[in-house]
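Below: one structure, written as structure tokens.
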Amino acid sequence: MPDDIEPLLDTNENFQPEQDNDGDDYLLNAVDDDSDVSNTPCCNPSHLCHRLIGLILMCLLGFGSYFCYDSPGALQEYIKNDMNITTTQFANLYAWYSWPNVFLCFVGGFLLDRVFGKQWGTTIFATFVLIGQIVFALGGIFNTFWIMEAGRFIFGIGGESLAVAQNTYAVGWFKGKELNMVFGLQLSFARVGSTVNFNVMGPLYRYVNQFYQGSLCTGVTLMIAAVFCLMSLLSSIILGLLDKRRDRILKKQSTSQPKEEEKIRLSDVKDFPTTYWMMSLVCMFYYAVIFPFIGLGQTFFTEQYGMATDKANTINSLVYLISTVASPFFGLMVDRLGRNVLWVVLSVMGTAGAHAILGFAYGQENQAFAYAAMVLMGVSYSMLASALWPMVALVVPEYQLGTAYGLMQAIQNLGMALLTMVCGLIVDKEGYQAMEIFFLGMLVVTLILCLIIWILDYQKGGHLNMSTKQREEYEDALLGKSDTDMINDITESEITPYDLLQPRTHSDIRNRYLARLGALPVNQPTQSGLQHRALR
């Protein structure tokens, strides 16, 4: 071994290079005698089998929340009749879910990063989801609509923050080549919950109606649905225990106590790159034409296409059903091919085509067109989710990902809260065709934002739209540069005092050198703030 390498390596035969806080599992070849790592793959945090167990729990974590989120949509006609409300009032059940997340979703992400840690934070948010669903059901039992609205408000406090926690767990356990596929699988399983909801809640209501009538029947049906929220809460507790054990075994510093050189400050939000803000706006406008439409979809298909209630629920759930199958496929495809921005652009164009069909080809004789449009919308929705959300991890440092995802979903919920109310008013005053024209206008804005992201990324080297191979070579080249070269690659306007104060620790230098020797993966990120900014 060359003499200049030996000082960088620990002579202790049990030496393990330190692991950055990125969730990648590697070099767990030597373990202390007192470690509780088992030889069984399912108990070894470095083994794929153990991570798959974590993935199953992450999927269950979102199942209950997504199941109950669309329970009003599956019971739209029943709720409107039993509670004697208008379409605008019904749309407010979705708006009340979104309003708290305009603020609390961002705060929830910050709490995950700084205060509770993702383990305790996830359990707290899952508890809010369960309580909110119970209160929502009590509003039906007591025939009081404002209690139902309060329940949706409480449900919203935990619902979106729980999704942020799910994303943070995914990055922590799977950051690397598997991440896009994991995002796809999580979305797929969560949408199983939504699909089951649309196909089960109607028959469940009719069964309960044999024993209870009116608003009491609605309340009892919603209370039964709360069982799935209880399952999500139990999953969050088990996942938190596994994550704590994983941190201890891998000697990884807990995310609830960030490293001293990586303090999370709310003021750092202003340093998020322009591409991040464009992604957030894309998220806001795009999801505002998906979820409000599905929320009002049951009546849309009964009135515009003359479908029976059960058939309307079935076609309304096609977006989620297609997403269940397509999301893992698109996640794997994005992992293999890259080109994230291109996939986002294609998904927006596909969704616009679907809404154009639904807006202008209606009537009972055109039901086949409605099915084709919903399939196209489901494919496009899956494509966007698999390509857009992982891009955030390419432009924001990992220790701020909880905050970044929280802020992104806060912006999304601001749009959804406002636009859901607007959709209800449009339907009451102008009808469903006017609503579809409104959706098409928002998708045009979304497409323009995607093109802006593409241009900004191209000006900075095209990192977001690189192929997977090009991105690996690009990151490999960055690791091969000296710190002086990296600084020269960044313009003065991009350097902040926070960047220049980032320390170069001994472990950081050692791991960087080992990566160049091939002992560590070449995409091993450093703790340097400059490294993250160079990847924008």
Side-chain angles (χ1 to χ4, degrees), residues 65-100 128-157 159 194 197-229 291-304 307-310 312-313 316-317 416-429 431-432 435:
S65 175
Y66 278 86
F67 180 93
C68 291
Y69 170 78
D70 274 316
S71 54
L75 299 174
Q76 181 178 355
E77 286 299 319
Y78 299 125
I79 291 176
K80 288 172 65 178
N81 293 333
D82 291 343
M83 305 301 296
N84 193 26
I85 58 175
T86 64
T87 301
T88 301
Q89 289 175 300
F90 174 82
N92 283 340
L93 292 176
Y94 284 93
W96 277 110
Y97 171 91
S98 297
W99 277 121
F128 271 103
V129 167
L130 176 60
I131 293 174
Q133 181 64 19
I134 292 174
V135 174
F136 181 44
L138 289 175
I141 291 174
F142 294 118
N143 195 19
T144 307
F145 188 68
W146 70 263
I147 295 180
M148 297 185 79
E149 293 178 314
R152 292 292 285 182
F153 184 89
I154 298 170
F155 187 91
I157 291 175
S194 299
N197 167 76
F198 273 107
N199 289 279
V200 166
M201 292 298 287
L204 178 61
Y205 177 94
R206 290 191 290 274
Y207 174 78
V208 174
N209 195 45
Q210 299 177 31
F211 309 99
Y212 306 99
Q213 284 73 44
S215 64
L216 182 59
C217 179
T218 297
V220 172
T221 304
L222 294 171
M223 189 67 74
I224 294 173
V227 173
F228 292 99
C229 296
F291 295 132
F293 172 77
I294 293 175
L296 301 174
Q298 183 191 86
T299 304
F300 172 84
F301 287 111
T302 57
E303 293 189 8
Q304 295 295 98
M307 296 181 180
T309 300
D310 284 347
N313 271 340
N316 201 28
S317 68
M416 287 178 58
L418 292 172
L419 296 174
T420 299
M421 297 172 66
V422 171
C423 288
L425 288 171
I426 291 175
V427 170
D428 280 338
K429 294 182 178 296
Y432 285 104
M435 180 187 72

Other residues, nucleotides, ligands: >12 heavy atoms within 6.0 Å of F300 CZ = yes

Please examine the side chains of I294 and N316, heavy atoms only from C-beta on, and report whether any two atoms are closer than 4.5 Å.
-> yes

Heavy-atom closest pair (C217 atom, T221 atom, distance to 0.1 Å) is O-OG1, 2.8 Å

Between the OG atom in S215 and the CG atom in N81, the distance rounded to the nearest 0.5 Å is 12.0 Å

Begin from the C-alpha positions of F228 and V129 and carry the test side-chain contact (heavy atoms from CB on, under 4.5 Å) through to its verdict.
-> CA-CA 10 Å; F228 292 99; V129 167; over 6 Å; no

Can you find a heavy atom in the side chain of I224 that is under 4.5 Å from one in the side chain of V208?
-> yes

Work out which heavy atom in F136 is nearest to a heavy atom in L222; give both atom names and the distance.
-> CE2-CD1, 3.5 Å

Residue that, paired with D82, satisfies side-chain hydrogen bond (donor to acceptor under 3.5 Å, both in side chains) out of N209, T218, N143 = T218

Side chains of D70 and Y66: closer than 4.5 Å at any heavy-atom pair?
-> no

Does a side-chain heavy-atom distance below 4.5 Å link V427 with E303?
-> no

Could you grab the distance from atom CZ of F291 to atom OG of S194, nearest 0.5 Å is fine?
-> 7.5 Å

How are the rings of Y205 and Y78 set relative to one another: parallel (under 30°), tilted (30 to 60°) or perpendicular (over 60°)?
-> parallel

Closest non-hydrogen atom pair, A312 against F301 = CB-CB, 3.9 Å

Test side-chain contact (heavy atoms from CB on, under 4.5 Å) on T299 and Y432 and set out the steps.
-> CA-CA 10 Å; T299 304; Y432 285 104; 3.2 Å; yes

For residues I79 and P72, report the shortest heavy-atom separation together with the two atoms involved.
-> CD1-CA, 3.8 Å

Let me see the working for Q76 and F90 under side-chain contact (heavy atoms from CB on, under 4.5 Å), right down to the final yes or no.
-> CA-CA 8 Å; Q76 181 178 355; F90 174 82; 3.6 Å; yes

Under 3.5 Å donor-acceptor, R152 side chain and L93 backbone = yes

Do you know the tightest heavy-atom contact between M201 and L75?
-> O-CD2, 3.6 Å

Can you tell me if CG on N84 sees more than 12 non-hydrogen neighbours from other groups inside 6.0 Å?
-> no

With side-chain contact (heavy atoms from CB on, under 4.5 Å) as the test, would you mind laying out the steps for M421 and W99 before giving the verdict?
-> CA-CA 11 Å; M421 297 172 66; W99 277 121; 3.7 Å; yes

Heavy-atom pair with the smallest gap, counting every atom of P292 and T420 = CG-OG1, 3.4 Å

Is the backbone N or O of L296 less than 3.5 Å from a side-chain atom of Y94, with the two atoms forming a donor-acceptor pair by type?
-> no

Does a side chain donor of either T309 or Q298 reach within less than 3.5 Å of an acceptor in the other side chain?
-> no

